[in-house]
Amino acid sequence: MQTLESLTFDNHFAQLPAAFYTRVLPTQLPAPYLVSFNAAVAQLIDLDPAEARRPDFADYLSGNRLLTGSEPLAMLYAGHQFGHFVPQLGDGRAILLGAVRNSAGERWELQLKGAGPTPFSRSGDGRAVLRSTIREYLCSEAMHGLGIPTTRALCIVGSDEEVYRETIETSAVLLRMAPSHVRFGSFEVFYHRRQYDQIRQLADYVIDTHYPELADAADRYALLLGTVIRRTARLMAQWQAVGFAHGVMNSDNMSILGLTLDYGPYGFLDKYDPGFICNHSDHHGRYAFDQQPGVGLWNLGRLAQALTPLLPAAHCTALLAEYETHFDTYYLTALRAKLGLRTAQSADGELAHALLQTMHSNRVDYTLLFRALGDFDSSPGARNAALRDQFLERAAFDSWAADYRARLTDEQSDDRERRTRMNRVNPKYVLRNYLAETAIRRAQTHDYSEIDRLLALLQQPYDEQPEHQGYAAVPPDWADEIAVSCSS
């Protein structure tokens, strides 16, 4: 196990030319203190969890002291925000310390979010607030627990330093980790500047560092784009299957590795509503839940455009045309698993969407219904009272249940075995906004116990955890009043 001083840095991104970033030091955070530490993520860089008990731990993980071997920098990128191109964005409140190589040879970039202003801060203070930091810390780990590709979060360091957003709040720094923080917008900035050599350099860097299996291929750039298209299609299908809305799918928030990146105004579905808008700032519903697969393709179009100096436009168009097939395949596979189906039949999509439509018209809770569906009794004449009582129109459920029973009978499904499989893909616990809000409110009184409790709970979202049964209940009425926006 490693100490803070013995971490092995391997800073490949910092070896790129200066056009890709600006070197910048973190701003001192007054009187930092540790809010929460994630021992599971510490293992990814072989960091001894005992290091978190050091008196100077918060100084190192807030950026007040630099880790030996780190080379702090802010990454440059552009992006389309709510459909409009912004020619320069960049890390305005994030500073990449470098990459740590673990004993297995894996590289994990360490990035401080909220460590002070950079040249890309656009007159901002470069700080993150405790509220938004808790939301990202918990949700990135919740998504990992659900099996969805994501950045990870090592710790939160807090401070009583005041910053102004809509109100006066306190500062915090999140240390998040990923194999790479390169985004679609990292390519866009050079395309719109007509700096095509940099596009090639960045593409080569991404391939050589993160997709080495493509390095020797003659059509390496086409394979890169095709791989990112597939990964993004799979990510969108996973979001839809678990009922996750990102809320701000700007192209600068899209990962070149197909990771869930930048948690702000996200939300998990409560009552199933395909038009759910989790972002209070999204006045036109551009990033509504049911729009996410299409937005994923739109953003991939911006990436493909940025790669046209390396690929014929017609080739990019042909690769983009494969996206919908990839998404449909991944999503239907996920829906079959959620329904406990072992075989594939042509009408499975209709069966799944009929359930979703009935859930929508009856305002049924998405997570609770699919979890409870594992208990469906497929024997003839079974009433499944606990399930049908979730629907205002019981007859509508009964009609669907008859088709579902016939489908299960057709593949000779065993209820007990099916329930086991379904409980491995239908979580009992997700990070509903009211759960995050409860942790935030307690943390604002310096009670951080709920953060740690939720962290442990959400790392095992498919387990029953009977001692935490209340976290799987119908959300309280006040949950409907929570509004999250781009400042969240």
Side-chain angles (χ1 to χ4, degrees), residues 4-30 32 45 56 58-79 86-101 107-128 151 154-155 157 159 161 171-193 195 197-206 208-210 252-253 255-257 261-262:
L4 293 175
E5 290 82 4
S6 64
L7 293 173
T8 303
F9 275 88
D10 183 6
N11 302 326
H12 280 199
F13 191 83
Q15 295 169 17
L16 288 170
F20 294 92
Y21 54 79
T22 297
R23 296 189 183 273
V24 59
L25 294 175
T27 300
Q28 293 288 300
L29 185 69
I45 54 173
D56 58 357
D59 278 314
Y60 278 107
L61 278 300
S62 65
N64 284 4
R65 297 188 184 184
L66 290 183
L67 294 167
T68 302
S70 64
E71 299 180 66
L73 58 87
M75 301 172 70
L76 169 69
Y77 46 87
V86 181
Q88 180 171 294
L89 294 166
D91 288 332
R93 58 173 178 168
I95 295 176
L96 181 67
L97 295 178
V100 170
R101 187 177 293 276
R107 293 175 64 258
W108 286 92
E109 290 185 349
L110 275 56
Q111 188 181 71
L112 297 176
K113 189 170 183 178
T118 76
F120 309 121
S121 295
R122 293 181 290 176
S123 301
D125 58 23
R127 289 299 189 196
T151 57
L154 178 65
C155 65
V157 174
S159 170
E161 176 190 46
S171 302
V173 174
L174 174 76
L175 194 146
R176 68 180 180 187
M177 295 169 28
S180 176
H181 290 85
V182 173
R183 308 144 185 270
F184 292 6
S186 303
F187 291 88
E188 285 187 274
V189 65
F190 297 113
Y191 174 78
H192 288 275
R193 292 180 177 183
Q195 295 177 328
D197 287 344
Q198 282 79 4
I199 294 174
R200 185 180 299 276
Q201 282 182 296
L202 185 58
D204 288 341
Y205 163 79
V206 169
D208 294 342
T209 307
H210 303 292
D252 54 290
N253 291 338
S255 161
I256 203 68
L257 298 185
L261 177 68
D262 283 343

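As the structure is a prediction and not an experimental result, all values here were calculated from the model. Position 1 is the first residue of the sequence, and the numbers go up from there.
Ring planes of F13 and Y21: tilted class, angle from 30 to 60°.
For the pair I95 and V24, the minimum side-chain heavy-atom distance is below 4.5 Å. With a 4.5 Å cut-off on side-chain heavy atoms, K113 and D262 count as touching. Side chains of L154 and W108 form no contact here, defined as non-hydrogen atoms less than 4.5 Å apart. M75 has its side chain within reach of V182: a pair of non-hydrogen atoms, C-beta onward, lies under 4.5 Å apart. Looking only at side-chain heavy atoms (C-beta outward), R127 and T27 come within less than 4.5 Å of each other. No side-chain heavy atom of P32 sits under 4.5 Å from any side-chain heavy atom of V173. With contacts defined as side-chain heavy-atom distances shorter than 4.5 Å, the pair D208/H12 does not qualify.
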Apply side-chain contact (heavy atoms from CB on, under 4.5 Å) to residues L4 and L67 and explain how you reach the verdict.
CA-CA 7 Å; L4 293 175; L67 294 167; 4.0 Å; yes

Under the side-chain contact (heavy atoms from CB on, under 4.5 Å) rule, what do I256 and H210 come out as? Steps first, then yes or no, please.
CA-CA 10 Å; I256 203 68; H210 303 292; 5.6 Å; no

Hey, mind stepping through R122 and V86 against side-chain contact (heavy atoms from CB on, under 4.5 Å) and telling me if it holds?
CA-CA 12 Å; R122 293 181 290 176; V86 181; 4.2 Å; yes

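Judged purely by atom type and a 3.5 angstrom limit, S121 has no side-chain atom pairing as donor or acceptor with the backbone of G126. Remark: the backbone N or O of F120 is paired with a side-chain donor or acceptor of T118 at under 3.5 angstrom. One N or O on the side chain of N11 and one on the backbone of A99 form a donor-acceptor pair closer than 3.5 Å. Not one N or O on the side chain of D59 forms a donor-acceptor pair closer than 3.5 Å with the backbone of N64. Looking only at distances, a side-chain donor or acceptor of S159 sits under 3.5 Å from a matching main-chain atom of P30.
When all heavy atoms of G63 and Q28 are compared, the pair lying nearest together is O-NE2, 4.3 Å. For the residue pair L73 and A14, the shortest heavy atom distance occurs at CD2-CB, 3.8 Å. Closest of all the heavy-atom pairs between L112 and P26 is CD1-CG, 4.2 Å. Looking at every heavy atom in both residues, V189 comes nearest to P87 through CG2-O, 3.6 Å.
Annotation: the span from I199 atom CD1 to D204 atom CG amounts to 12.0 Å, rounded to 0.5 Å. How far CZ of R176 is from CG of L96: 10.0 Å, rounded to the nearest 0.5 Å. Distance CG/D197 to CZ/F190: 11.0 Å, rounded to 0.5 Å. In this structure, the separation between OH on Y60 and SG on C155 is 14.0 Å, given to the nearest 0.5 Å. Distance check, rounded to the nearest 0.5 Å: CG of D91 to OG1 of T22 gives 10.0 Å. Taking OG from S180 and CD from E109, the interatomic distance works out to 5.0 Å, rounded to the nearest 0.5 Å.
The side-chain hydrogen bond (donor to acceptor under 3.5 Å, both in side chains) test with R193 singles out one residue from Q88, E188, Q198, and that residue is Q88. When the options D56, L29, L110, V157 are evaluated for a side-chain contact (heavy atoms from CB on, under 4.5 Å) with L61, the one that passes is V157.
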